[in-house]
Amino acid sequence: MIEPQTLYQLFMELYGPRGWWPVVTDAGNQGHDAKGYHPLDYSIPATAHRRFEIALGAILTQNTAWRNVRLCLESLDEAGAIDMQRLLALSDERLEALIRSSGYYRQKARKLKTLARFFLENGYGEVSAASTPSREELLSLWGIGEETADSILLYAFGVPVLVIDAYTRRILARLKGEELSDREIRDYLSSATEGKAVKQQRRILNEFHALFVEHGKTRCAKRSPDCDHCGIKAWCKGPF
DNA sequence: CGCCAGGTGGGAT
DNA sequence: ATCCCACATGGC
């Protein structure tokens with residue numbers, strides 16, 4: 001199995017820094033002129049708007065292409081709903097209409113309100129929040145599972161945690177030649193960050209997840225992987 | 001058309 | 001614990 005460090009370096013050479021999380025709206029996007037990706041910017045969100053937008057996006061993108069989520073975030077922003085109280089003030093029907101394009105819109109409307117209520121009650125939405133939600137707290141909320149919890153922790157709060165998604169599992173399974181449990185994936189990738197400063201860990205984990213997604217989309221597709229143009233095929237047992 | 005997308009909760013086994 | 005399914009839109 002390829003060393004995590006090597007994999008990270010290869011991904012970086014192949015795709016360059018991705019600059020996740022993508023920010024869709026202008027408001028709260030301090031220090032940047034443009035919307036979208038901000039390569040080499042791994043700062044913790046500097047406004048409540050941006051932090052909340054990231055958390056909302058983490059829920060809206062559950063099993064959903066990001067392009068379907070973009071429009072929702074723009075619609076929510078236009079409605080002034082990237083704000084905990086304003087979002088909670090919307091009727092369910094209105095909120096559902098605003099996020100329709102992300103799919104599962106009835107479930108997701110409920111999830112967004114659950115998240116907003118949780119942030120509001122605990123003051124986590126404030127940038128000056130004294131504390132960060134724990135993983136357990138996030139997981140206890142209806143609609144937030146492991147990937148969403150870890151995405152929120154990493155990209156909205158800057159907590160150095162690994163985000164494991166379907167791309168990560170598929171790529172590592174093909175590299176190894178067999179499925180890995182999430183526990184095994186965490187153990188395997190831990191050497192890429194251990195012993196490093198938190199700031200450094202945050203940068204690596206930001207990029208690693210983004211790079212798995214990029215490689216998964218462009219090379220390691222589920223049905224028909226493009227192994228001919230894959231930069232890590234020399235290390236790979238797949239596809240299978 | 002059918003398949004897939006940066007999952008999750010709930011119920012059955 | 002582990003499978004199985006519902007949830008839903010939009011792009012290729």
Side-chain angles (χ1 to χ4, degrees), chain A residues 7-8 11 15 17-24 36-39 42 53-76 92-116 118 133 135-157 159 161-174 178-186 189 204-226 239:
Chain A
L7 180 61
Y8 182 76
F11 274 167
Y15 307 114
R18 312 278 67 211
W20 271 27
W21 192 272
V23 177
V24 169
Y37 296 92
H38 304 297
Y42 309 107
E53 179 188 330
I54 292 170
L56 296 180
I59 288 171
L60 290 173
T61 199
Q62 290 173 354
N63 199 39
T64 302
W66 184 255
R67 57 174 178 270
N68 291 345
V69 175
R70 260 194 94 94
L71 188 62
C72 300
L73 289 172
E74 283 163 1
S75 302
L76 286 170
D92 290 346
E93 294 71 23
R94 174 95 170 97
L95 180 56
E96 287 167 8
L98 288 170
I99 64 172
R100 187 174 176 281
S101 72
S102 74
Y104 309 131
Y105 58 85
R106 277 185 285 269
Q107 293 199 348
K108 283 176 178 174
R110 181 179 161 199
K111 294 179 184 184
L112 297 189
K113 284 197 171 180
T114 300
L115 174 85
F118 172 73
R135 192 168 194 269
E136 290 67 36
E137 278 183 305
L138 288 170
L139 289 175
S140 74
L141 300 179
W142 188 88
I144 297 194
E146 300 205 347
E147 183 183 341
T148 307
D150 290 336
S151 293
I152 291 171
L153 287 172
L154 177 62
Y155 294 105
F157 290 94
V159 179
V161 294
L162 176 70
V163 179
I164 299 175
D165 67 350
Y167 290 127
T168 311
R169 296 191 189 94
R170 182 165 72 234
I171 292 164
L172 293 181
R174 283 173 173 166
E178 60 179 298
E179 300 291 334
L180 290 82
S181 67
D182 284 9
R183 181 69 263 160
E184 290 172 319
I185 290 175
R186 287 187 193 286
L189 293 178
I204 294 167
L205 292 164
N206 256 266
E207 288 295 348
F208 226 150
H209 175 52
L211 291 164
F212 272 113
V213 173
E214 184 64 20
H215 184 70
K217 280 183 182 170
T218 63
R219 298 287 181 270
C220 207
K222 188 171 190 176
R223 193 54 72 95
S224 53
D226 183 10

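Note that the coordinates shown come from a computational prediction; the quantities given were computed from them, not determined experimentally. A note on names: the letters A, B, ... follow the listed sequences, proteins ahead of strands, and every chain is numbered from 1.
Distance, A:Gln62 CD to B:dG7 C1': 5 Å, rounded to whole Å. Atoms CD1 (A:Ile152) and P (B:dG7) sit 14 Å apart, rounded to a whole Å. At whole-Å resolution of the value, NZ in A:Lys111 and P in B:dT8 are 7 Å apart. Atom CD in A:Glu147 sits roughly 11 Å away from atom C1' in B:dA5 (whole-Å rounding). As a whole-Å value, the separation of A:Lys108 NZ from C:dA8 P is 9 Å.
Rounded to the nearest Å, the gap between the C1' atom of B:dA5 and that of C:dC3 is 22 Å. Atom name P, nucleotides C:dA8 and B:dG10: the rounded distance is 14 Å, in whole Å.
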Between A:Glu207 and A:Phe11, does the side chain to side chain contact (heavy atoms under 4.5 Å, CB included) criterion hold? Intermediate values first, please. CA-CA 9 Å; A:Glu207 288 295 348; A:Phe11 274 167; over 6 Å; no
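Across all strands, A:Ile59 comes closer than 4.0 Å to no nucleic acid atom at all (heavy-atom distances). Residue contacts for A:Thr148: at a heavy-atom cut-off of 4.0 Å it reaches the sugar-phosphate backbone alone, with no base atom in range. Across all strands, A:Tyr105 comes closer than 4.0 Å only to sugar-phosphate atoms, never to a base (heavy-atom distances). Across all strands, A:Gln107 comes closer than 4.0 Å to base atoms (heavy-atom distances). A:Leu211 comes within 4.0 angstrom of nothing in the nucleic acid, heavy atoms only. Residue A:Trp142 is in sugar-phosphate contact alone, with no base atom involved, counting any heavy-atom pair closer than 4.0 Å across all strands shown. Nucleic acid contact class of A:Ser102 (heavy atoms, under 4.0 Å, all strands): none.
Using a 4.0 Å cut-off between charged nitrogen and carboxylate oxygen, A:Asp92 and A:Arg106 do not count as a salt-bridge pair.
Residues A:Ala58 and A:Arg110 each lie close to DNA chain B; by heavy-atom proximity, the contact nearer the 5' end of the strand is made by A:Ala58. Remark on DNA chain C: of its neighbouring residues A:Arg67 and A:Asn63, the 5'-side contact belongs to A:Asn63, judged by nearest-heavy-atom nucleotide.
Closest to the side chain of A:Arg223, out of B:dT8, C:dT9, B:dC4, is B:dC4. Taking only side-chain atoms of A:Lys222, from C-beta outward, the nucleotide of B:dG7, B:dG9, B:dA5 with the closest atom is B:dA5. Distances were taken from every side-chain heavy atom of A:Asp165 (C-beta onward) to each of B:dG7, B:dA5, B:dG10; the shortest belongs to B:dG7. Residue A:Arg100 has its side chain nearest to C:dT9 when only C:dC7, B:dT8, C:dT9 are considered. Checked against C:dG10, B:dA5, B:dG7, the side chain of A:Ala166 finds its nearest nucleotide in B:dG7.
Annotation: side chain of A:Leu7 is in contact with side chain of A:Phe212 (closest heavy-atom distance under 4.5 Å). Using a 4.5 Å heavy-atom threshold, the side chains of A:Leu139 and A:Glu146 count as touching.
For A:Thr64 and C:dA8, the shortest distance from a side-chain N or O to OP1 or OP2 is not below 4.0 Å. Using a 4.0 Å cut-off, some side-chain N or O of A:Arg170 falls inside it from OP1 or OP2 of B:dA5.
Summarising the local packing, CZ of A:Arg186 is surrounded by more than 12 heavy atoms from other residues, nucleotides or ligands at distances under 6.0 Å.
Screening A:Lys108, A:Gln107, A:Lys111 for a side-chain hydrogen bond (donor to acceptor under 3.5 Å, both in side chains) with A:Gln62, the sole residue that qualifies is A:Lys111.
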